[in-house]
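What follows is a short report on a single structure.
Each residue takes its place number in the sequence, starting with 1.
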Amino acid sequence: RDGGIAGFLLGFYRFGLPALDGLGLPWRRELAVESQTMGVAPAYRRFGLAATLKRAQARQALARGIDLIHWTADPLQYP
């Protein structure tokens with residue numbers, strides 16, 4: 001925003017989620033998105049930017065035929 005970074009979301013492709021094998025889930029597990037790190041600049045917090053970033057990531061994954069996103073959160077990194 002205005003030449004600066006308001007927020008970011010880092011994710012990468014992951015091959016397989018073995019913990020889900022054998023559960024009979026209807027989703028493809030060969031390729032997933034591992035959503036790792038997100039940050040929002042203090043001035044832009046509390047406006048829903050984090051949720052907007054996560055929704056955009058989910059839409060992009062679905063558009064690429066990816067059924068699963070493994071979202072992680074570290075409570076020690078909360079603002």
Side-chain angles (χ1 to χ4, degrees):
R1 177 164 174 93
D2 299 327
I5 296 174
F8 73 94
L9 176 58
L10 172 71
F12 54 87
Y13 294 114
R14 174 182 180 160
F15 294 102
L17 286 168
L20 301 179
D21 291 345
L23 296 179
L25 299 173
W27 307 292
R28 295 174 298 215
R29 295 178 311 282
E30 301 82 29
L31 184 64
V33 169
E34 180 81 14
S35 182
Q36 281 284 320
T37 303
M38 179 176 55
V40 175
Y44 300 104
R45 293 181 184 158
R46 309 281 184 236
F47 295 105
L49 181 55
T52 299
L53 288 169
K54 290 289 189 174
R55 284 189 200 103
Q57 185 180 52
R59 281 192 302 275
Q60 288 174 358
L62 289 171
R64 290 175 172 84
I66 297 172
D67 291 340
L68 291 172
I69 299 176
H70 183 228
W71 276 308
T72 59
D74 182 350
L76 298 176
Q77 298 298 317
Y78 290 151

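The cluster map of Ile, Leu, Val, Met, Phe, Trp and Tyr, joined by side-chain heavy atoms under 4.5 Å apart, puts W71 and V40 in different clusters. A single hydrophobic cluster is seen to contain both L68 and L23, as judged by linkage of ILVMFWY side chains at heavy-atom distances under 4.5 Å, directly or through other members. Cluster membership for L20 and W27, using ILVMFWY side-chain heavy atoms within less than 4.5 angstrom, is shared. M38 and I69 fall into different hydrophobic clusters, defined by Ile, Leu, Val, Met, Phe, Trp and Tyr side-chain heavy atoms under 4.5 Å apart, directly or through other members.
Taking CG of D67 as the start and CG of L62 as the end, the distance is 7.5 Å to the nearest 0.5 Å. Rounding to the nearest 0.5 angstrom, the gap separating the NE2 atom in H70 from the CZ atom in R14 is 6.0 Å.
Considering every non-hydrogen atom in both S35 and L9, the closest pair reads OG-CD1, 3.6 Å.
With a 6.0 Å radius and a threshold of 12 heavy atoms from other residues, nucleotides or ligands, F12 has its CZ atom above the threshold.
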>> Between Y13 and I66, is the side-chain contact (heavy atoms from CB on, under 4.5 Å) condition met? List the steps.
In response: CA-CA 9 Å; Y13 294 114; I66 297 172; 3.2 Å; yes
